[in-house]
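Down below is the structure, laid out as structure tokens.
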Amino acid sequence: MSEKLQILGKTDSRKKKIFINGLKVLISIAFLYFVFKKIPFREVAKIWSTVHVLYVIFGAFFFLASQILSVKRLDFYLKANSFNLSFRSNLELYFLGMFYNFFIPGGIGGDAYKVYILNKKLGWELKKITSAIFNDRLSGLLAICVLILIFSLFLLPLQWIGLMVIMMIAGFSLTYFLVKKLFPVYTPIFFKTFFISIVIQLLQVICFLFLIKSLGLNENYLIYMIVFLGSSILSLISFAGIGVREFLFLQASGYFNFNASVSVSASLLFTVITAFFSLFGLVIMFTKRVDEIKENKEFT
């Protein structure tokens, strides 16, 4: 009877996951449809034809640097649980997760894939792995919110600065308190991983600035930075952030003085770069089997 309930539970969980992922894909399609109704794709293609390739390469370099640093951040959380993973194995697992996130929207997610491998293949405790990945994501989210508030200080009237500072301190303190209360094992690395998260987000912001510069934009950088960071938060409701980022830039162009077509084109370029590096996971998938890695103790 208990086995039957477990099977039913797994089936329901799988159906729920498929439903959520399917919903994200539909949201992305809906947003893209709305964006391309306002800005035809042929207009985006025309803008792309004028791209300065060297700036795109610079942008891709900073994006890759942010991903590599993300691997190092996760490593701190794993080590806090006495889980040791070589940097190379961690990097390979990270790119595999990127591939699952980007190219298999209806299947297992990238984070879920990492949890599965580390639990089933290495025997690491499921609860600890899940908490490590959750706190890794939480650190990144906190960094994004703090940077948005910092950048907003340069745009808002003086009377708003006090409120922004209070929100920043309150958000940071609340997150630290929750981590200390619920996940005390990560308290010693809280500030270290938060600093890494700030650097990661700044690297991605620099990447995006290079992309808009590659399309000939040389002004309103601060607005682009804030909208880009905001889209990183809202990307949780869509498939790999596709659609939401472009929609936000389109909407923001109505409130701020910047070119909607170029900003949407730059956003799509960022998606292309993400897809390109996600394909590294496909290469790893075909060149290395996880079972063989376990036998060779590559993950230890």
Side-chain angles (χ1 to χ4, degrees), residues 27 31 34-35 38-39 59 62-63 66 69-70 73 134-182 187 190-213 215-238 241-268 270:
I27 289 172
F31 277 133
F34 181 83
V35 169
K38 299 286 184 179
I39 305 171
F62 279 98
F63 178 83
S66 74
L69 199 55
S70 296
R73 181 182 64 191
F134 171 78
N135 279 272
D136 177 69
R137 294 295 188 183
L138 181 63
S139 178
L141 180 61
L142 177 62
I144 292 172
C145 293
V146 167
L147 285 174
I148 288 175
L149 290 173
I150 290 174
F151 293 150
S152 298
L153 292 176
F154 297 96
L155 293 175
L156 296 172
L158 286 174
Q159 60 263 33
W160 288 93
I161 291 179
L163 178 61
M164 292 293 104
V165 172
I166 291 171
M167 288 175 62
M168 202 183 310
I169 295 172
F172 186 87
S173 301
L174 178 62
T175 306
Y176 178 77
F177 172 77
L178 289 174
V179 170
K180 188 175 182 180
K181 189 76 175 174
L182 301 175
T187 306
F190 180 85
F191 294 99
K192 183 191 299 182
T193 51
F194 172 71
F195 174 75
I196 292 173
S197 295
I198 289 287
V199 176
I200 289 169
Q201 295 307 320
L202 287 176
L203 287 171
Q204 294 215 8
V205 166
I206 293 170
C207 164
F208 191 74
L209 290 179
F210 270 116
L211 295 183
I212 61 175
K213 193 166 179 61
L215 298 173
L217 284 176
N218 295 293
E219 55 185 3
N220 294 321
Y221 286 157
L222 207 53
I223 296 294
Y224 287 115
M225 291 158 67
I226 293 171
V227 175
F228 174 75
L229 287 169
S231 70
S232 298
I233 298 174
L234 293 178
S235 65
L236 296 172
I237 67 170
S238 68
I242 299 172
V244 169
R245 194 178 300 111
E246 292 75 21
F247 178 78
L248 273 182
F249 275 108
L250 179 63
Q251 294 300 105
S253 68
Y255 297 96
F256 303 100
N257 184 29
F258 64 78
N259 190 305
S261 299
V262 176
S263 58
V264 167
S265 300
S267 178
L268 288 168
F270 184 83

May I have the step-by-step check of side chain to side chain contact (heavy atoms under 4.5 Å, CB included) for L163 and W160, ending in yes or no?
CA-CA 5 Å; L163 178 61; W160 288 93; 3.6 Å; yes
Worksheet entry | Test ring pair (Phe, Tyr, Trp, His ring centres under 6.0 Å) applied to F177 and F190, step by step | CA-CA 11 Å; F177 172 77; F190 180 85; over 10 Å; no
task = Take L69 and I196, measure what side chain to side chain contact (heavy atoms under 4.5 Å, CB included) needs, and give me the verdict at the end.
result = CA-CA 7 Å; L69 199 55; I196 292 173; 3.7 Å; yes
Does the ring pair (Phe, Tyr, Trp, His ring centres under 6.0 Å) test come out yes or no for F191 and Y176, once each step is laid out? CA-CA 9 Å; F191 294 99; Y176 178 77; 5.3 Å; yes
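For the side-chain contact (heavy atoms from CB on, under 4.5 Å) with M225, the lone residue among L147, I206, I148, L209 that qualifies is L209.
Side-chain contact check for L215 versus N259: every heavy-atom pair is 4.5 Å or farther apart.
For the pair A260 and L250, the tightest heavy-atom approach, listed with the atom from each and the gap, is CB-CD1, 4.0 Å. In terms of heavy-atom proximity, F249 sits nearest to S267 at CD1-CB, 4.1 Å. When all heavy atoms of I200 and S66 are compared, the pair lying nearest together is O-CB, 3.7 Å. Scanning all heavy atoms of the two residues, the minimum distance from E246 to V35 falls at C-CG2, 3.9 Å. Taking each heavy atom of Y224 and L217 in turn, the nearest pair found is OH-CD1, 3.1 Å. Of all the heavy atoms in Q204 and F228, the pair that sits closest is O-CE2, 3.7 Å.
Between the CZ atom in F210 and the CD1 atom in I212 there is a gap of 11.0 Å [rounded to 0.5 Å]. Atom-to-atom distance recorded for F256:CZ and L222:CG is 10.0 Å, nearest 0.5 angstrom. Atom CZ of F208 sits about 9.5 Å away from atom OG of S232, to the nearest 0.5 Å. We find the CG-SG distance between L202 and C207 to be 12.5 Å, quoted to the nearest 0.5 Å. Here the straight-line distance linking atom CE of M168 with atom CD1 of I166 works out to 11.0 Å at 0.5 Å rounding.
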Please table the atom pairs, donor to acceptor, closer than 3.5 Å between any side-chain atom in residues 135-146 and protein atoms at least two apart or in another chain.
residue : atom : partner : partner atom : Å
N135    : ND2  : S131    : O            : 2.8
D136    : OD1  : R73     : NE           : 2.7
R137    : NE   : D111    : OD2          : 3.0
R137    : NH2  : D111    : OD1          : 3.0
R137    : NH2  : D111    : OD2          : 3.3
S139    : OG   : T193    : O            : 3.2
S139    : OG   : S197    : OG           : 2.6

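The aromatic ring centres of Y221 and F151 sit 6.0 Å or more apart.
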